[in-house]
Amino acid sequence: MKNIIETSKLCKTFSNGGVQQHVLRNVNLEIYEGDFTIIMGASGAGKSTLLYSLSGMDKPTLGSVSFCGTEITKMNTDELALFRRSHCGFVFQQVYLVESMSVLDNIMAAGLLIYKDKKTLINKAGEILKAVNIDEALWNKFPTQISGGEAQRVGIARALINDPKLVFADEPTGALNSQTGKAVLDTLTKFNEKGQSIVMVTHDISSARRGNRILYVKDGEIAGECNLGKYVTGDKERHQKLNDFLATMGW
Amino acid sequence: MNKALLLTKSNLRKNRGTSIGLFFLMVIATCLIGISLLIFMDCYPSVSREAERLNGGDGYISIAGNVDGFTDEKIAELFEKDTDSYYAYHDLKLTNHPIKFGNGEVVISVDICDDSAFERITENYVYLPYQFNTSGGFNTGDTFEITNSGKTYSYKVRGFTNVVYGGCNNTALFALVIDNDSYEELWNDTHEDYENINVIFDLKEGVKNGEFRIKAYNELLKVNPFAVIEGYDIDGVISNRTFIGLIIAVSFLVATSLIIAAVAMMLANSISNYIRENMKTLGALKAIGYTGKDIKNSLVIWFSIIAAIASIIGIVLAYLVMPAFASIIIGQMGVPYAASFNLPATLIPVAYIILFTLIVTVICAAKVSKILPIVALREGVESHNFKKNHVDLTKTSLGLNASLAMKTFFGNMKQNVITFFVLGFMIFCCVISLLLYENFSRKPKLDILATEICAGVVTSDYDTREEVLDYLENRSDIKNIREIINMNVYYNDEESLFCYIVKDLSKMNNTNLCYKGRLPEFDNEIAVSGSFAKAYGFDIGDEIKIDYGDNSYNYLITGFIQTTNNGGREAIFSYKAADHIMDIDNIPGWYWFDLTEESDSVDENIDEVNRILEECEDKYDNHIISTMNFYKMIGGAMTTFQGISAMMLIIMCSISVVVIALILFLLIKSLVYHKRKDYGIYKALGYTSGSLMLQTALSFMPSVIASAIVFSIVSYNVANPYISVFMRAFGLMKCDFAIPVPGVVMIAAGLTAVSFFLALLQTRRIKKIEAYNMLVAE
């Protein structure tokens, strides 16, 4: 299977008032194309730090990250910005839509970084919004005028607008109730089934079940890995496999 | 209070940028108010103070031309009755002599005394009035020359004097002191024509200065009708000496008031912003038990500390820079000046800044008491914010950066309104300075400074006046010869009017002279200065009784003229009208002429007029009493104006740039703080720092460009009427100063470019925002 990301001895240390905290320790990892990779772990284990280091949003202290063969750890901030707009999509726990922009403009603001033809972009934004089940009546609403679940699905649409090689999702259901969370996961699953590669951080088992590959982070290291195969609704055997893996990890 | 102090300490530590920005704005505001007040309360009155210190008395009268009959006894008889004391002395008075001064020369009466007041050390020296040093370009050791009847007298400048009368080019007289030997030589050569008696007097209580002088003039003329009697009261001298200083002080105050308005607007906005930015912290403090009063006190203490320190530093700075400002003004007034401590000028700016800050803080902090902790913790957002989606990205034809900049612009209206007005005020200040520079320096607007403009003047004696006129009229290189003489006439035996007597008023070049009504045409008509008419309640169509010697005549007022000279007491009428009160035929010939072909080069004009005047003097020799090269005189007369107005322009443009920089610093700092989350999101999406900086700087451009356009047009149209309001006090009732359009465009374009550049510099803080930190922190 073709890998998208490859890390080598990835380390991240935070220093605060002379106290050093080693959040990532020599992480060697590969992320594969078409996978729905889940990063799990206890609070403070380094899940989000790993996610943002992989995406070039944060710079590791040591080690390297290669994205499709290009080492992004050597890039400066502007090069990383150009890299992100072309290759990455982000879905955040707090959504982070720009509140002063309408739903559609939030998508457009991301899309216009890549698309020069506005008509094509508008059509594509419409298709994606429909695909994430955002009713057309909501397109001109502001983020504060729609529900949390709807906002998160708009966030997914924004992440997908530029056809990224990889979508990074940081606890996308963390701030949602179970019903709206499920709708968001269904959306991500649907796009993964169409071939979209996703890396998602979560500490929720039901969310983790959506992935085909589970990475468990413990004390800044990849403590274990579990391959579940493609998600199938109600596959109890798959669920049990995940539960067993997590139990061995001390979850 | 301890809790409030604790919070204040935390505020000062946490908000260094805001504190520093506000601090500098307050320093500038205090400094500008301080300078304005020091100019008005300390520098400007220095002429009056010096006059009092030097015991200048109530005025002086000079008797020149022919002093026969003015014995000491006669003078005592004339002056003892109405004066407490008087002091009379003989000297030489060279009337209307051209003297090198500054960038040209001035034509002025020169009063030359011997050195009886000084110890004799070296021979052949001169003491010049102090203004020769401050504005005239002379230093000790320089050579000072005066020419009379083709003979040049040279003196080494030994020092400068501080004299009440004859110390300034605006008082029509320079008083010089030369060594005894030189005086004897000059006396022998010239005393027959130029012997003069000066009488400086102190009036008895109850005696009116104007009435006394008119009475004295008449009495003196009875002793010798061929004497030329002139004089000034002390108020007139002070007014003339301080005229330009006052224009500058007023212009500075006008500009300063606009800058202070902009600074005050910004102070209020910054304090209000601070409260908005820190709402979450304030909510947390309330949640843990701090009362609204504690928080308000901390804000009041914090801003008061900044205001107190800034205002003290500002006023100290005002005293430090005052010598530079004062040198501009005293250069014209010609008195030595050292800034002294002035209590009101010190306390008012400090009190103003502290009180203003206190009031704004208390008003803005009032909302802290009302807000609930939970609401404050949500950063004061109580409900969803339904806004209009400005600049729809699906519909706009603008580029991405421009579209997002416009979105920021519409979402940041309050700041943009402030930018609009602040930049506008600065443009207006600069245009006012440009107006002063253009009209007092680059292309001096002579028609507001002189009653009539010409290329040169030739004065011939009575015997040759017809012959000289024929000669001038037959020359092809000159045109429009006007016969204009000056005389002092009197109104009601209480006010002296400096009168222009013109043979043919239709030939006058200065069409701006009469600002209301018309110039006189017939022999029973007169036009008087507006300030004189206002003082005595005259209107157009009224009759006015004019006296000269024993003669009187009632004239009809046809119009009002504007003048900045002679204390605003001037009048103009025709030869025929003058004939009612004086023997107009028995006077020398005064011929004002223009060049047939005027060059664009002042130097060429000076040379051309010099050639004409020299040829005239060669032809008529001693019959030519005096000549005046107007182009050359402009340089000397405008010397003080030029330096002042050029410096004003530089100062105003510099202050504008500093104020714009500080205000953009505070506005952009606040904007970046408010939008930090958005910038984090944009960066996560792949926007570069450069693109976000450009968007932010561009978001201020609509208000900057709108302000530049609107205020350029407003300033261009309003500057003249606006400055008229202030100039009325100086006798200029109708201002039509030239405002060069390219200059206004340059100011507007320059400040727009500077604003964009400064905005771009200020947005550098966006670089520090990292998407990851911003998102994780949230």
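For clarity, every value in this text was computed on a predicted model and none was experimentally measured. Below, chains carry the letters A, B, ... as their sequence lines are ordered, and counting in each starts from 1.
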| query | For A/His22, does the NE2 atom have more than 12 heavy-atom neighbours from other residues, nucleotides or ligands under 6.0 Å away? | reply | yes
Chain B interface, residue from [options] that has the most non-hydrogen pairs under 4.5 Å:
options	result
A/Ala109, A/Cys88, A/Gly89	A/Ala109
A/Asp78, A/Leu80, A/Leu82, A/Leu113	A/Leu113
A/Lys119, A/Met108, A/Glu79, A/Lys141	A/Met108

| Under a 4.5 Å heavy-atom cut-off, does chain A meet the side chain of B/Leu400, its backbone, both or neither? | side chain
| message | What part of B/Tyr682 gets within 4.5 angstrom of chain A, counting heavy atoms only: side chain, backbone, both, or neither? | response |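 For B/Tyr682, the side chain is the part near chain A, not the backbone.
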Quick test of your reading of the model: are [X] and [Y] salt-bridged, counting only N-O distances below 4.0 Å?
X	Y	answer
A/Asp58	A/Lys12	yes
A/Asp105	B/Lys407	yes
A/Lys124	A/Asp163	yes

Counting only non-hydrogen atoms closer than 4.5 Å, does [X] touch chain B with its backbone (N, CA, C, O), its side chain (CB onward), both, or neither?
X	value
A/Ile122	side chain
A/Thr49	both
A/Ala159	neither
A/Ile114	neither
A/Leu104	side chain

| field | B/Arg676 to B/Tyr679, cation-pi by 6.0 Å centre distance and 45° axis angle | value |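 No, B/Arg676 and B/Tyr679 do not form such a contact.
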| query | Distance-only, no hydrogens or angles: does the A/Arg84 side chain make a donor-acceptor pair with backbone N or O of A/Gly56 under 3.5 Å? | reply | yes
| Residue list, side chain to side chain contact (heavy atoms under 4.5 Å, CB included) with B/Ile705, at least two apart or on another chain |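 B/Ile705: side chain to side chain contact (heavy atoms under 4.5 Å, CB included) contacts with B/Met701, B/Ile709, B/Thr752.
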